[in-house]
Participant: 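My structure is below; once you've seen it, I'll send some questions.
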Protein chains: 4
Amino acid sequence: MARRREVPARGRPRSEEAHAAILGAAIALTREVGYDALSIEGIADRAGVGKATIYRRWPSKELVIAEAVGGMVQRIPVPDAGSVRGDVAQLMRVITGMYRDPASGPLLSGLVAAMARSEVVAEAVRSGFNGVMRDALRQVLRRGIARGELQRTTDIELALDLLAGPLFYRYLMLGLPVTDRYTNAVIDAALHAFAPVTRKRNAFTDR
Amino acid sequence: MARRREVPARGRPRSEEAHAAILGAAIALTREVGYDALSIEGIADRAGVGKATIYRRWPSKELVIAEAVGGMVQRIPVPDAGSVRGDVAQLMRVITGMYRDPASGPLLSGLVAAMARSEVVAEAVRSGFNGVMRDALRQVLRRGIARGELQRTTDIELALDLLAGPLFYRYLMLGLPVTDRYTNAVIDAALHAFAPVTRKRNAFTDR
Amino acid sequence: MARRREVPARGRPRSEEAHAAILGAAIALTREVGYDALSIEGIADRAGVGKATIYRRWPSKELVIAEAVGGMVQRIPVPDAGSVRGDVAQLMRVITGMYRDPASGPLLSGLVAAMARSEVVAEAVRSGFNGVMRDALRQVLRRGIARGELQRTTDIELALDLLAGPLFYRYLMLGLPVTDRYTNAVIDAALHAFAPVTRKRNAFTDR
Amino acid sequence: MARRREVPARGRPRSEEAHAAILGAAIALTREVGYDALSIEGIADRAGVGKATIYRRWPSKELVIAEAVGGMVQRIPVPDAGSVRGDVAQLMRVITGMYRDPASGPLLSGLVAAMARSEVVAEAVRSGFNGVMRDALRQVLRRGIARGELQRTTDIELALDLLAGPLFYRYLMLGLPVTDRYTNAVIDAALHAFAPVTRKRNAFTDR
DNA sequence: TCCTAAGCGAGACGGTACGTCCAGTCTTCGT
DNA sequence: ACGAAGACTGGACGTACCGTCTCGCTTAGGA
């Protein structure tokens with residue numbers, strides 16, 4: 001709070017307007033021409049801003065987008081309706097929505113490429129939407145374990161990967177739509193994998 | 001069916017040497033400078049080839065890489081050692097190796113971005129390594145169902161996604177290494193999800 | 001004359017058709033796109049001929065054009081109507097016509113550039129249209145001297161330059177049309193310069 | 001009239017250094033490799049300048065050269081030593097020098113070709129060296145007429161062509177050196193053509 | 001009637017330069 | 001001191017031709 005104005009603040013302060021205009025232009029252009037045809041030059045022109053003004057704030061195009069997209073992540077209220085299945089499904093619907101939204105889905109492939117290039121971008125994305133969702137799902141799974149709906153030995157991180165991985169893979173590699181029906185099938189399979197042993201103890205010994 | 005030579009083939013034929021040199025240079029440069037610093041100009045120089053010779057064969061940098069990487073895909077002998085678990089594990093070790101190989105793993109993020117841009121690239125990649133592995137795994141799973149090791153109602157495509165998705169997601173999104181231990185955990189969870197349940201006690205006699 | 005057929009001439013003879021097609025295409029393309037946008041590739045395409053067929057015959061684009069244009073030079077009958085003025089005027093009208101003809105005038109600037117680059121081209125052009133006209137004018141001037149219409153000391157080569165130079169300069173440097181009226185004025189001035197001294201002996205002593 | 005700074009001039013101003021370096025490199029390279037082997041790429045490299053910096057200033061290679069050469073044109077002091085012959089000779093020596101100078105003569109053929117292609121280049125060249133010389137000669141001739149050294153009816157433009165044309169033609173078409181001796185012969189002939197004739201015996205009193 | 005040699009259209013080859021675009025930096029003036 | 005404007009060097013883009021080099025195919029004369 002005391003950060004600003006500790007120093008008497010000389011010169012013209014940074015324009016909030018410019019900041020917002022840049023993020024807006026970045027989002028708009030990404031939608032229009034795609035992540036790869038996006039250029040700092042283009043964003044600057046569209047935002048009515050000098051290129052240097054962008055470079056002053058972000059070291060790379062990827063971080064501009066990372067912030068622009070990050071601004072879209074709302075706080076996710078962690079559901080607690082009594083059953084893992086229901087709570088997980090509620091959170092997964094948010095993820096499904098992200099894949100379906102033309103404003104966020106198509107950004108994903110570019111972000112993945114940017115993450116591979118830059119650890120800074122990678123961290124931004126990992127702790128952004130991805131981290132928020134994982135945190136929420138983690139809590140829900142933990143409650144499930146506590147309630148006995150999942151095995152006590154459940155590897156939670158693995159479970160998160162089994163929930164999130166197939167959607168991510170289907171979208172980016174297979175190029176197929178991520179529907180609610182598909183997401184539900186993934187949830188069923190993933191939770192089944194960690195369901196308490198007793199219920200199907202003899203699955204193998206039966207052989 | 002006589003695919004080649006339907007047309008009499010006029011003019012000087014394309015050089016096999018140049019073709020190979022280009023793919024080789026592409027692989028080498030990708031290892032050295034990374035996918036993003038890769039340029040057609042650089043590949044041409046390294047291969048000792050004119051730029052036009054590259055453009056004559058491939059419409060985009062991505063397709064050059066797609067073919068170069070695709071050339072690495074060997075025919076996968078579909079294992080048949082009597083158990084789903086063993087056969088799946090054998091195939092998954094190949095995938096794990098791909099993520100670990102510095103010649104192929106780091107290409108992935110770029111290819112994903114390229115796929116999003118170009119349907120041609122997308123198809124090339126999908127039917128390349130990815131398709132080959134899915135085909136092999138599909139056969140193995142089918143045999144597992146036939147043997148009663150998996151439920152008769154198993155959604156094979158979903159199972160494939162549960163096997164492949166977590167690795168893909170872990171590598172690209174989480175930026176974590178894909179170890180054999182992790183892969184085995186994924187295999188166990190995924191197969192467990194589709195293992196015959198106790199309620200259907202007599203998995204074989206029920207048939 | 002014995003030049004050809006000293007060696008028995010083996011293999012397929014060169015095609016007269018191709019030869020003519022090339023020259024024709026060269027002329028046509030020069031008219032359409034201009035001398036500078038002219039390319040061997042373009043000529044070959046237009047003539048329906050392989051590039052090598054052109055290179056087999058001419059070492060450079062300039063020589064193709066030189067031959068194509070040279071083929072347009074007819075034998076000039078040297079006029080002899082009794083007066084230098086009349087005979088010179090008749091020949092100069094041919095030159096004027098060359099500047100006016102859209103098939104030859106616009107070639108000139110390109111040929112001038114080509115001459116500067118290649119002595120072979122230079123010789124071809126100098127001994128072509130230019131040489132033919134100079135030869136004819138030379139004879140006419142010589143007869144004029146013999147008849148006493150021009151000074152006995154007349155430097156004929158200089159006189160030829162005074163006749164040809166202004167037109168060449170006006171066309172290429174000033175970019176102005178070379179009209180008959182202009183040509184006549186040049187003829188008058190040039191011949192006046194070499195008219196017998198007696199008629200104006202006192203021009204300076206009169207002062 | 002205040003040509004510059006009508007508009008407040010925003011952004012970084014163009015570098016005078018770069019400008020000069022480009023023109024210098026153009027001249028140097030022309031001398032070294034010739035007009036035809038000259039390339040924008042080469043000039044940029046030599047000048048230590050980006051290609052765009054050249055394209056920002058000139059639309060074509062020819063105009064670069066035109067300006068570089070034009071920069072060599074000094075103001076010509078119009079001589080006034082009392083006689084047309086002397087004044088004309090003094091100016092013509094400058095022209096002769098231009099043809100002889102290895103830095104300007106060999107450029108001529110390329111400029112002529114460039115003029116034919118581009119009216120912009122044509123105007124630049126015409127109003128450059130050529131225009132300056134013609135203006136000076138025009139004044140000298142006018143004074144000669146006023147003094148009675150030339151006929152009152154002299155067509156000055158024609159006279160200029162008779163002076164300049166033969167040298168231009170001899171250099172470009174005949175490929176012969178333009179010597180002082182030759183130039184003097186041209187001057188004599190051209191002035192002789194417009195010298196007052198004996199028939200108008202009293203050139204002055206007749207006025 | 002074959003054989004040898006050269007010419008043919010076609011088009012790929014290694015190169016060079018084109019003119020454009022953008023990256024990331026720098027320099028000016030105005031706020 | 002910041003902002004916009006825009007010039008700066010640098011380098012890759014994809015295209016067009018250069019002049020050369022295979023291809024498979026005529027088209028001739030001589031064996």
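Here is the naming used below: chain letters follow the sequence lines, and residue numbers restart at 1 for every chain.
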Participant: Tell me: CD1 of D:Ile43 to P of E:dC18, nearest whole Å?
Facilitator: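 That distance rounds to 8 Å.
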Participant: Would you mind reading off the distance between C:Glu16 atom CD and F:dA28 atom P, rounded to a whole angstrom?
Facilitator: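 For the pair C:Glu16 CD and F:dA28 P, the rounded distance is 12 Å.
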Participant: A:Lys51 has a side chain; which of F:dT20, F:dT15, F:dA7 sits nearest to it?
Facilitator: F:dA7
Participant: Taking only the side-chain heavy atoms of C:Ala52 (C-beta and beyond), determine which of F:dC21, F:dT20, E:dC18 contains the nearest atom.
Facilitator: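 When the side chain of C:Ala52 is considered, F:dC21 is the closest of F:dC21, F:dT20, E:dC18.
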Participant: Roughly how far, to the nearest 0.5 Å, is NE2 of C:His19 from CD1 of C:Ile54?
Facilitator: 11.0 Å
Participant: Between E:dG11 atom P and B:Arg57 atom CZ, what is the distance in whole Å?
Facilitator: 15 Å
Participant: Does B:Thr53 place a side-chain N or O at less than 4.0 Å from the phosphate oxygens OP1/OP2 of E:dG14?
Facilitator: yes
Participant: Could you work out which one of F:dC18, E:dA17, F:dA12 sits closest to the side chain of D:Glu41?
Facilitator: E:dA17
Participant: If you find the nucleotide of DNA chain F closest to A:Ala18 and the one closest to C:Pro59, which residue's nucleotide is nearer the 5' end?
Facilitator: A:Ala18
Participant: Can you tell me the distance, in whole Å, between the OH atom of A:Tyr55 and the C1' atom of E:dC26?
Facilitator: 13 Å
Participant: Between F:dG11 atom P and D:Ile40 atom CD1, what is the distance in whole Å?
Facilitator: 19 Å
Participant: Categorize D:Gly48 for me: base, sugar-phosphate, or nothing, with a 4.0 angstrom heavy-atom threshold over every strand shown.
Facilitator: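 The residue D:Gly48 makes sugar-phosphate contact but no base contact.
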Participant: Checking C:Glu62 against C:Ser60 for the side chain to side chain donor-acceptor pair (under 3.5 Å) test, could you report, in this order, the C-alpha distance in whole Å, the side-chain angles of both residues, the deciding distance, and whether it holds?
Facilitator: CA-CA 5 Å; C:Glu62 288 79 19; C:Ser60 78; 3.1 Å; yes
Participant: I'd like to know if A:Arg126 pairs up with A:Glu119 as an ion pair, taking the criterion as any Lys NZ or Arg NE/NH1/NH2 lying under 4.0 Å from an Asp or Glu carboxylate oxygen.
Facilitator: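 Looking at A:Glu119 together with A:Arg126, the answer is yes, because their closest N to O distance falls below 4.0 Å.
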Participant: I'd like a table of atom pairs between the protein and nucleotides 1-6 of chain E - only N or O on both sides, under 3.5 Å - with the distance next to each one.
Facilitator:
unit_1: E:dA6; atom_1: N3; unit_2: C:Arg12; atom_2: N; d: 3.4

Participant: Would you check if C:Trp58 and C:Ile40 make a side-chain contact, meaning some heavy-atom pair closer than 4.5 Å?
Facilitator: no
Participant: To the nearest angstrom, how far is D:Asp45 atom CG from F:dG10 atom P?
Facilitator: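 To the nearest whole Å, that distance equals 9 Å.
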Participant: Under the criterion side chain to side chain contact (heavy atoms under 4.5 Å, CB included), which of B:Leu38, B:Val64, B:Ile43 is the partner of B:Thr30?
Facilitator: B:Leu38
Participant: On DNA chain E, does the nearest nucleotide to C:Ala44 precede the nearest nucleotide to D:Gly42 from the 5' side, or the other way round? Give the residue.
Facilitator: C:Ala44
Participant: Calculate the interatomic distance between C:Trp58 atom CH2 and F:dC18 atom C1'; express it in whole Å.
Facilitator: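 Taking atom C1' of F:dC18 as the reference, CH2 of C:Trp58 is at 18 Å.
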Participant: Report the distance from atom NZ of D:Lys61 to atom C1' of E:dC18, rounded to the nearest whole Å.
Facilitator: 11 Å
Participant: Could you tell me whether the side chain of A:Arg57 reaches within less than 4.5 Å of the side chain of A:Glu67, counting heavy atoms only?
Facilitator: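 No, too far: nothing below the 4.5 Å cut-off.
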Participant: What's the separation between atom CG in C:Leu29 and atom CG in C:Asp45, rounded to the nearest 0.5 Å?
Facilitator: 9.0 Å
